[in-house]
Amino acid sequence: MSAIGELSTMTRRKGPMTKEEKKANGRDNKAAYVFLLPWLLGLAAITVGPMLMSLYLSFTDYNLLQPPEWVGLDNFVRMFGDARLHNSLRVTFTYVLVGVPLQLAVALVIALVLDKGLRGLPFYRSIFYLPSLLGGSVAVAILWKQIFGTTGLVNQVLAMVGIEGPGWISDPNTALGSIILLHVWTFGSPMIIFLAGLRQIPVMYYEAAKVDGATTLQQFWRITLPMLSPIIFFNLVLQIIGSFQSFTQAFIVSGGNGGPSDSTMFFTLYLYQKGFGQFDMGYASAMAWFLLVIIGAFTAINFIASKYWVFYDD
Amino acid sequence: MTKLQTLPAASSSDATSGKSPRRRESRGNLAYSRSARIKGLIKHAILILVGGVMIYPLLWMVVSSLRPNDLIFREPGLWLENLEMSNYTDGWSALTHPFGHYMINSAIVVLGSIVGNLVSCSMAAYAFARLQFSGKKIFFGIMLLTIMLPFHVVIVPQYILFSQIGWVNTFWPLIVPKLLATDAFFVFLMVQFIRGIPKDLDEAARIDGAGHPRIFLRVILPLMVPALATTTIFTFIWTWNDFFGALIYLTDPDMFTVPVALRAFVDSQSATSWGSLFAMSIVSLLPVFLVFLFGQRFLIKGIATTGIK
């Protein structure tokens with residue numbers, strides 16, 4: 001059961017929790033709040049409090065030294081005219097809209113190949129999953145920087161077949177592409193979720209389809225895809241939310257400054273520069289809220305669109 | 001009910017282990033067909049090819065860390081003529097402190113985070129999974145939402161807060177949030193797990209006169225070891241790899257954790273010593289790799305059931 005699945009049931013119908021709650025109203029209140037104390041403190045001090053403060057700061061000019069000065073909507077107006085910010089949005093959207101579908105497609109294809117009673121599954125699964133674990137590390141970002149450097153591994157290989165490759169990460173046309181490739185490389189974790197989902201499809205559906213003479217392709221379109229759609233949806237929501245927040249790879253590969261002509265200036269990297277490079281905390285807060293709105297909108301669109309393509313086997 | 005929602009933590013424990021009855025059956029059917037065998041061979045070929053391409057950069061980094069510098073830029077192959085350990089010795093002492101210093105810093109943060117997540121998340125999970133209290137549904141919904149909340153929305157005020165109490169350049173900003181169960185993923189993971197534990201066990205303990213603290217410590221906790229192990233492993237890997245938090249809070253080289261130290265390494269000598277940079281990168285990945293080797297079973301389960309990565 002996933003967090004997203006649970007959330008959508010909570011909004012879709014009255015859960016059994018409410019009834020139980022009424023029945024046992026207040027019985028364990030004291031004990032419950034004792035157990036919840038650390039979490040409640042964290043919610044107040046680390047999450048909700050800072051959120052409210054960040055909302056307030058987004059309407060101020062604040063550099064940590066002088067007290068925050070109320071400037072109304074100035075920060076948001078500034079964002080409208082900030083060409084670097086627009087560029088960072090373009091970069092981030094490209095990364096999310098190209099990287100996520102590509103990664104999920106690879107994850108699904110490999111999961112399908114792995115699914116059908118193949119020997120050595122644990123071995124393959126480990127090989128494909130390992131990059132997911134290491135992909136977010138500084139070390140792998142450093143490796144990527146070398147691999148796609150002018151004299152890096154990729155160009156060494158290309159040179160063997162007589163092709164002179166560009167300086168992938170020093171060329172504004174290809175820099176973002178190499179970071180997208182790094183994202184695709186970490187397809188292992190959605191792949192494992194797909195594998196788990198494939199195992200849940202009752203085998204009788206396929207048997208019935210075979211009796212009716214359905215081809216492999218028909219089985220895929222008519223059985224596998226619809227039955228897997230909730231999992232695809234889950235992966236999609238999760239990966240989009242996560243990808244909008246990518247930072248380490250862009251920071252290291254671009255040397256912390258957004259790469260050639262800002263071609264890898266992710267929104268989060270620009271936010272970091274504004275907030276923690278120039279201590280323009282008010283503007284950084286406004287940017288953070290803008291990011292929250294974007295991610296919220298994407299998630300909402302996903303949920304609305306899901307009504308048309310996600311099949312629930314009620 | 002969605003497919004996702006019918007994936008209970010307990011029953012999907014071997015969700016991807018390849019041992020479900022359906023697997024065995026389909027393999028049995030395939031065994032006699034020749035075209036199926038050829039199909040199998042093609043599949044293995046594809047998988048080995050894709051896997052090889054994926055793993056190649058990592059292997060190449062390991063090999064390069066054992067090569068003299070000038071060879072790294074000329075040699076895409078994986079063969080080694082002789083082992084060059086100087087990259088490791090040079091890299092180890094390339095920064096203000098020996099690299100071990102940063103590993104110890106990282107270890108402190110990791111250990112604190114693990115303890116924090118285990119204690120606070122399991123307590124919250126017990127309340128959500130087993131206790132009835134007013135506001136439960138709302139709090140549970142909020143908890144689920146915080147899983148999806150981008151941390152950028154809170155990072156600026158958090159930084160201001162921690163800098164005002166003088167915690168910049170200490171490990172507290174990296175550990176305290178974990179002590180306060182802010183990694184809601186793990187609360188959710190544990191709630192799922194506790195829901196799979198039969199309620200009769202608590203009832204029996206209650207009849208024997210046990211209160212909630214005792215039921216939690218003596219009945220539930222011992223039974224949720226797999227969930228605790230998953231939490232430990234993921235906390236280890238995430239915290240070890242955490243760059244953003246460390247970059248913001250730790251600016252004093254004395255306090256650097258491994259990722260920030262590596263980044264300082266990149267800045268200090270960039271193009272001149274890829275060999276020792278790779279050597280220290282390997283050193284930094286080693287703990288994650290070892291955890292991966294020993295904790296695979298839990299890692300796979302954790303992902304298959306909740307989508308944490």
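Chain letters run A, B, ... following the sequence lines, proteins first, then strands; residues in each count from 1.
In this structure the side chain of F292(B) reaches within 4.5 angstrom of the side chain of S126(A), judged on heavy atoms. Put simply, the side chain of F139(B) reaches to within 4.5 Å of the side chain of Y33(A), judged on heavy atoms. Side chains of R74(B) and Q156(A) form no contact here, defined as non-hydrogen atoms less than 4.5 Å apart. Using a 4.5 Å cut-off on side-chain heavy atoms (C-beta onward), F244(B) and Y272(A) make contact. Between I303(B) and Y129(A), some side-chain heavy-atom pair lies under the 4.5 Å cut-off. Proximity of P150(B) to L292(A): side-chain heavy atoms (C-beta onward) are separated by under 4.5 Å at one or more points. Here the side chains of L143(A) and S281(B) are not in contact, with every heavy-atom distance at 4.5 Å or above. Side-chain contact between I142(A) and F265(B): absent, with no pair of heavy atoms (C-beta onward) separated by less than 4.5 Å.
The structure places CD1 of I48(B) at 7.5 Å from CZ of F123(A), a figure rounded to the nearest 0.5 Å. Remark: L112(A) CG to K43(B) NZ distance equals 9.0 Å, nearest 0.5 Å. The CG atom of L64(A) sits 5.5 Å away from the CD1 atom of I160(B) when rounded to the nearest 0.5 Å.
Proximity to chain A (any heavy atom under 4.5 Å) is shown, for M143(B), by both the backbone and the side chain. For I46(B), no part lies near chain A; criterion is any non-hydrogen pair under 4.5 Å. Contact of Y62(A) with chain B is made through the side chain alone, with heavy-atom distances under 4.5 Å. Using a 4.5 Å cut-off between heavy atoms, I127(A) contacts chain B through both its backbone and its side chain. Both the backbone and the side chain of F151(B) come within contact range of chain A, with heavy atoms under 4.5 Å apart. Contact annotation for I252(A): only side-chain heavy atoms (C-beta onward) come within less than 4.5 Å of a heavy atom of chain B. Contacts of L40(A) with chain B are made by side-chain atoms alone, with heavy-atom separations under 4.5 Å and no backbone atom involved. Both the backbone and the side chain of V50(B) have a heavy atom closer than 4.5 Å to some heavy atom of chain A. Looking at Y56(A), neither its backbone nor its side chain comes within 4.5 Å of chain B, counting heavy atoms on both sides. Interface remark: M287(A) contributes no atoms to any contact with chain B (heavy atom separation under 4.5 Å). V34(A) touches chain B through its backbone: at least one of N, CA, C or O sits under 4.5 Å from a heavy atom, while the side chain does not.
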Do any side-chain atoms of residues 41-53 of chain A form donor-acceptor pairs under 3.5 angstrom with protein atoms, and if so which ones, sequence neighbours left out?
none

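The backbone N or O of G135(A) sits nowhere less than 3.5 Å from a side-chain atom of N241(B) that would complete a donor-acceptor pair. At distances below 3.5 Å, not a single donor-acceptor pair connects side-chain atoms of W289(A) with backbone N or O atoms of V153(B). A distance-only check finds no donor-acceptor pair linking the side chain of Q146(A) to the backbone of F278(B) [under 3.5 Å]. No donor-acceptor distance shorter than 3.5 angstrom exists from the side chain of Q132(B) to the backbone of D28(A), with no hydrogens or angles considered.
With salt bridges taken as basic N to acidic carboxylate O contacts below 4.0 Å, none links E6(A) and K137(B).
Most heavy-atom pairs under 4.5 Å with chain A: of the set I282(B), I147(B), T182(B), this distinction falls to T182(B).
Checking Y124(A) against H44(B) by side-chain atom types alone, a donor-acceptor pair falls below 3.5 Å.
When every heavy atom of A32(A) is checked against every heavy atom of L131(B), the shortest pair comes out as CA-CD1, 3.5 Å. Nearest approach of M54(B) to W185(A), heavy atoms of both residues: O-NE1, 2.9 Å.
Note: F279(A) and Y159(B) have tilted aromatic rings, judged against thresholds of 30 and 60 degrees for the angle between ring planes.
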